[in-house]
Amino acid sequence: MRPIAVYPGSFDPPTNGHLDIILRATHLFPKVIVAITDNANKYPTFPLKDRLKMLRESTKHISSVQVEFFSGLLVNYLKKKKATVIIRGLRAISDFEYEFQMALMNRKLNKGIETVFLMPDEAYTYISSSLINEVSRLGGNIKDLVPHSVEMLMKKKKKGV
Ligand code: PNS
């Protein structure tokens, strides 16, 4: 039986790079749970409920994808979901050190869990949620960089709707 995979992250906001990783993961695993949480080292721009809404909207056409929140340790969440694979995206070498550390810590916490790294299409390697937030806040165009539903919600937020 192929394992259930969890793709965790803060997704603040979700980008086309995240969507690319989600799609690639669905080609490898029968069920992919996109699990949103707050990163203890970052102050969030969007509340969890907005991130959930944006991700559900942009993945609604993919039946094997489920989007949820989680809190606490990621390995405990995987156990609860009977999942044994963590998906993470690697955009560049600069991501590697942080990802390597997390993967080994998660393995230390639960030996039955493997982290699988996927590389997004090279068109997305320079995109990050923090850059999207900055460009959008300063009036730049983020149209080709985030899913349509994310662009719309970000526009609404800026207008204060
Ligand atoms: O998108 P991000 O912000 O890089 O995601 C980081 C995230 C949320 C995957 C990481 O902070 C995490 O797993 N948090 C849950 C708490 C936890 O298990 N911490 C130990 C990780 S080794």
Side-chain angles (χ1 to χ4, degrees), residues 3-26 28-29 31-59 62 64-137 142 145-147 149-151 153-154 157:
I4 296 173
V6 169
Y7 179 29
S10 39
F11 305 104
D12 188 33
T15 68
N16 282 346
H18 292 130
L19 256 290
D20 183 280
I21 296 292
I22 293 170
L23 254 186
R24 284 173 201 278
T26 61
L28 298 171
F29 301 99
K31 180 169 163 184
V32 176
I33 304 174
V34 180
I36 315 167
T37 194
D38 280 325
N39 181 329
N41 302 312
K42 299 179 194 164
Y43 191 77
T45 301
F46 290 93
L48 282 166
K49 70 169 182 28
D50 283 358
R51 287 179 259 160
L52 184 86
K53 195 174 162 193
M54 292 188 274
L55 271 166
R56 284 203 172 142
E57 186 64 30
S58 35
T59 57
I62 323 171
S64 59
V65 171
Q66 200 176 306
V67 185
E68 293 189 355
F69 299 129
F70 78 98
S71 58
L73 276 181
L74 175 61
V75 290
N76 292 346
Y77 176 75
L78 265 90
K79 198 171 175 189
K80 201 173 95 188
K81 292 288 159 185
K82 297 185 174 26
T84 52
V85 171
I86 297 170
I87 302 285
R88 290 288 288 173
L90 269 187
R91 291 164 300 188
I93 290 287
S94 50
D95 286 339
F96 182 75
E97 207 173 318
Y98 167 63
E99 294 298 337
F100 185 63
Q101 234 182 348
M102 277 208 299
L104 292 185
M105 179 57 85
N106 284 325
R107 180 186 284 169
K108 172 75 184 158
L109 295 171
N110 184 334
K111 283 195 180 8
I113 289 174
E114 287 296 347
T115 300
V116 172
F117 293 105
L118 299 176
M119 282 169 290
D121 189 287
E122 62 267 27
Y124 304 128
T125 49
Y126 66 95
I127 304 176
S128 69
S129 297
S130 50
L131 259 188
I132 295 290
N133 278 325
E134 182 175 333
V135 170
S136 166
R137 185 166 42 84
I142 53 160
L145 311 176
V146 295
S149 57
V150 174
E151 190 196 347
L153 201 123
M154 288 182 82
K157 285 236 147 197

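Heavy-atom basis, side chains included; hydrogens, waters and symmetry copies ignored. In listed order, ligands and their atoms are each counted from 1.
- In terms of polar-atom proximity, Tyr98 is counted as a contact of ligand 1, with an N or O under 3.5 Å from an N or O of the ligand.
- Here the shortest heavy-atom distance to atom 17 (C) of ligand 1, taken over Leu78, Leu73, Asn39, Leu109, belongs to Leu73.
- Not a single donor-acceptor pair under 3.5 Å links the side chain of Asp50 to the backbone N or O of Phe46.
- When only non-hydrogen protein atoms are considered, atom 3 (O) of ligand 1 lies nearest to Ser10 OG, 2.6 Å.
- Counting only residues at least two apart or on different chains, the side-chain hydrogen bond (donor to acceptor under 3.5 Å, both in side chains) pairs with a member in residues 65-77 are Lys31-Gln66, Gln66-Glu68, Glu68-Tyr77, Glu68-Lys81.
- Residue-ligand proximity, Met105 to ligand 1, at heavy-atom distances under 4.0 Å covers atoms 22 (S).
- The shortest N/O to N/O separation between Asp38 and ligand 1 does not fall below 3.5 Å.
- The proximity of Lys42 to ligand 1, defined as any non-hydrogen pair under 4.0 Å, is limited to the side chain.
- For Arg88, the heavy-atom gap to ligand 1 drops under 4.0 angstrom.
- Closest heavy-atom contact between Ser10 and Lys42: OG-NZ, 3.7 Å.
- The number of heavy-atom neighbours closer than 6.0 Å to OH of Tyr126, taken from other residues, nucleotides and ligands shown, is 12 or below.
- Residue-environment remark: CE (Met102) exceeds the threshold of 12 foreign heavy atoms within 6.0 Å.
- Atom 15 (C) of ligand 1 is approached by the protein to below 4.0 angstrom, counting heavy atoms only.
- In terms of N/O distances under 3.5 Å, ligand 1 is not approached by Thr37.
- Given atom 10 (C) of ligand 1, the protein heavy atom at minimum distance is Met102 SD, 3.9 Å.
- Taking every heavy atom of Leu74 and a limit of under 4.0 angstrom, the matching atoms of ligand 1 come to 13 (O), 17 (C), 18 (O).
- Asn133 and Thr45 share a donor-acceptor pair across their side chains, judged by distance under 3.5 Å alone.
- At most 12 non-hydrogen atoms from other residues, nucleotides or ligands lie less than 6.0 angstrom from CZ of Arg107.
- Where the criterion is an N or O separation shorter than 3.5 Å, residue side chain and backbone included, Val75 fails it with respect to ligand 1.
- Taking every heavy atom of Gly72 and a limit of under 4.0 angstrom, the matching atoms of ligand 1 come to 15 (C), 16 (C).
- The nearest protein atom to atom 21 (C) of ligand 1, hydrogens excluded, is given as Asn106 OD1, 4.0 Å; this is a heavy-atom distance.
- Taking every heavy atom of both residues into account, Val85 and Leu78 meet most closely at O-CD2, 3.7 Å.
- Aromatic ring orientation, Phe100 versus Phe96: parallel (interplanar angle below 30°, classes split at 30° and 60°).
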